[in-house]
Amino acid sequence: MSIVTLQLGQSGNQIGFEVFDALFSDSHCSQGLCSKRENEAYQASCKERFFSEEENGVPIARAVLVDMEPKVINQTLSKASQSGRWKYGQRSCFCQKQGSGNNWAYGYSVHGPRHAESIMNLIQKEVEKCDSLSGFFIVMSMAGGTGSGLGAFITRNLQDQYSNSLKMNHIIWPYGTGEVIVQNYNSILTLSHLYRSSDALLVHENDALHKICAKLMNIKQISFRDINQVLAHQLGSVFQPTYSEEGSSHYRRNPLGIDWQVRPPLSGAPTPGKMPVNKNPHFNKSLANLVILRGKEVHSADLGGFKDPALYTSWLGPDNAFNMWKTQRAFNKYEKSAALVSNSQFLVKPLDMIVGKAWNMFASKAYIHQYTKFGIEEEDFLDSFTLLEQVVASYRNL
C-alpha cells in the first residue's frame with residue numbers, strides 16, 4: 001500500500017527531501033543480516049510505499065510539494081534530481097510569488113480557499129498513481145504561516161475528500177525561544193484545527209533535535225539540515241517495512257495503519273474528575289507505545305518492561321496499549337536499532353507552555369489585529385484555548 005506525502009511550506013519541503021533521501025538510501029544499502037530474498041522484499045515494499053513509476057530508470061517520489069514562494073521548492077527539486085538516485089515529479093509542485101508572512105490566518109483564510117482546488121487536483125493525480133492508498137503523510141511546521149495555516153486548511157479538505165484514508169500530520173514544534181513573535185498563536189491555531197481533522201499527530205521538538213545534534217553527535221555549528229537529517233533518520237526507522245506479527249513472512253502492507261490511539265479522545269475516556277491523578281511529576285504514563293526493532297538479535301530482545309501495567313492508564317492495559325514490530329533487516333547500516341513511538345504525557349509540559357504564552361499575549365490583545373483582518377476572530381482563539389486546555393487536562397490526569 002502506498003503513502004502520498006505532502007510537503008508544505010519551507011520546513012515541510014526541506015524535511016520531506018531528507019526523509020525521501022533517507023528512505024531511498026536505506027532501501028538500497030547492502031547489508032548481510034537477512035537473506036537476499038528478504039532484502040528484495042524489503043526494497044520492493046519500500047518502493048511501493050514511497051516511490052512511483054521510474055522515469056529513465058529513476059524512481060519518482062510519491063509527493064506533492066507546496067509553498068507560497070518558489071525558492072525552496074526549486075532548491076528541493078534540484079537537489080533530488082542532482083542526486084541521480086530518485087527525484088520528484090515536475091508536475092507535482094505548487095508555488096506562488098507571495099508567502100504568508102508568518103501569519104497563520106493568511107495561510108488558512110487567504111491562500112487556503114484561493115488555491116485549494118489546484119492543490120487538491122495535484123493530490124488527486126498522485127493518489128491515482130497508487131494501486132492501493134494507505135494514507136497521507138503531511139509534513140509541516142507549526143510556527144510559520146504557510147505550513148501551519150495552509151497545512152491545516154488542506155488537512156481539513158483531505159478529511160472531507162478522503163475520509164476513509166488515514167491522515168498523519170508530522171509537525172515541527174518550534175524552539176522555546178523562537179524568532180517568530182507570533183509563533184505561539186500560530187501553534188495553538190494549528191494544533192486545535194489538526195485535532196479536529198487529522199487522524200494522528202506525530203511531533204518532533206526542535207529543542208530536542210538540537211540537543212541530539214549537540215550532545216550525542218557533537219556537532220559544533222548546528223544547521224537546520226543537521227536537525228532535519230536526524231529527524232529523517234527517526235522517521236525512516238518508523239516507516240520502513242517491518243513484519244506485522246511474530247513469525248510472519250510478509251511485511252506490513254499498511255505502514256500508517258497504526259492500530260492504537262494516537263491522540264486522546266475528549267469523549268469516551270474517563271473524565272478528569274473521575275481519574276486518579278499520578279502524584280509523581282516525573283512519571284510518564286502512556287495511552288500507547290509502539291516499539292520497532294531492526295537488525296541483529298531482534299527476536300531475543302527483552303521488552304518486558306513495556307508490558308508493565310503501571311506505564312499505562314487503568315482503563316487500557318498493556319495487551320491493548322503496547323505493540324511491537326520487528327525485522328532482521330537492518331536500518332541504514334546500523335547493526336541493530338530501536339525506535340519508540342509513544343502517545344504519552346511527554347508533551348503536556350511543552351503544550352501547556354505554548355498555550356500559556358499564547359494566552360498571555362491574547363489577554364493583552366497583542367497582534368490580534370493581524371489575524372482578525374484575515375477573518376480569524378477572537379472567538380476562534382478562545383475555541384482553540386478551550387480545546388487544547390482540555391487536551392492538557394486529559395493527558396495530565398491519565
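Predicted, not measured: the structure shown is a model, and the values here were computed from it.
One hydrophobic cluster, built from ILVMFWY side chains closer than 4.5 Å, holds both Ile222 and Ile15. In terms of hydrophobic clustering, with Ile, Leu, Val, Met, Phe, Trp and Tyr side chains grouped at heavy-atom distances under 4.5 Å, Val58 and Leu77 are assigned to different clusters. The cluster map of Ile, Leu, Val, Met, Phe, Trp and Tyr, joined by side-chain heavy atoms under 4.5 Å apart, puts Tyr334 and Val298 in different clusters.
Remark: of the listed residues Ile119, Val139, Val66, Ile123, Ile123 is the sole one forming a side-chain contact (heavy atoms from CB on, under 4.5 Å) with Leu6. Just one of Thr372, Ile376, Thr386 meets the side-chain contact (heavy atoms from CB on, under 4.5 Å) condition when paired with Phe381; it is Ile376.
If you take CG on Leu150 and OG1 on Thr190, they are separated by 11.0 Å, rounding to the nearest 0.5 Å. Here the straight-line distance linking atom OH of Tyr371 with atom OH of Tyr106 works out to 14.5 Å at 0.5 Å rounding.
Residues Phe385 and Phe362 bring their aromatic ring centres within 6.0 Å. In summary, the aromatic rings of Tyr185 and Tyr367 are positioned with their centroids too far apart to meet the 6.0 Å limit. Aromatic rings from Phe50 and Trp86 are positioned such that their centres are separated by 6.0 Å or more. In this structure, Phe20 has its ring center under 6.0 Å from that of Phe51. In this structure, the ring of Phe137 has its center less than 6.0 angstrom from the ring center of Phe239. Between Phe331 and His233, the distance separating the two ring centers is shorter than 6.0 angstrom.
Using a cut-off of 4.0 Å between Lys/Arg side-chain N and Asp/Glu carboxylate O, Arg396 and Asp352 are scored as salt-bridged. Using a cut-off of 4.0 Å between Lys/Arg side-chain N and Asp/Glu carboxylate O, Arg225 and Glu18 are scored as salt-bridged. Look at Lys307 and Asp302 and you find no salt bridge, because none of the NZ, NE, NH1 or NH2 atoms lies under 4.0 Å from a carboxylate O. A salt bridge links Glu126 to Lys129: at least one charged side-chain nitrogen sits closer than 4.0 Å to a carboxylate oxygen. Using a cutoff of 4.0 Å between basic side-chain nitrogens and carboxylate oxygens, Lys97 and Glu69 are not scored as salt-bridged.
In this structure a side-chain-to-backbone donor-acceptor pair under 3.5 Å is present from Thr313 to Leu316.
No hydrogens or angles considered: nothing links the side chains of Asp67 and Gln10 as a donor-acceptor pair under 3.5 Å. Using a 3.5 Å distance cut-off with no hydrogens or angles, the side chains of Gln7 and Tyr88 do pair a donor with an acceptor. Between the side chains of Ser118 and Asn121, not a single donor N or O lies within less than 3.5 Å of an accepting N or O. A donor and an acceptor atom, one from each side chain of Gln234 and His204, are located under 3.5 Å apart. Side-chain contact, Glu38 with Tyr243: a donor N or O sits under 3.5 Å from an acceptor N or O. Side-chain contact of Ser342 with Asn289: a donor-acceptor pair under 3.5 Å is present, judged by distance alone. Neither side chain, Thr76 nor Asn13, offers a donor N or O lying under 3.5 Å from an acceptor on the other.
Taking the side chain to side chain contact (heavy atoms under 4.5 Å, CB included) definition, one finds that Ala143 meets it with Pro174, Gln183, sequence neighbours left out.
Taking the six-membered ring where the residue is Trp, His193 and Trp104 present tilted rings, their angle falling between 30° and 60°.
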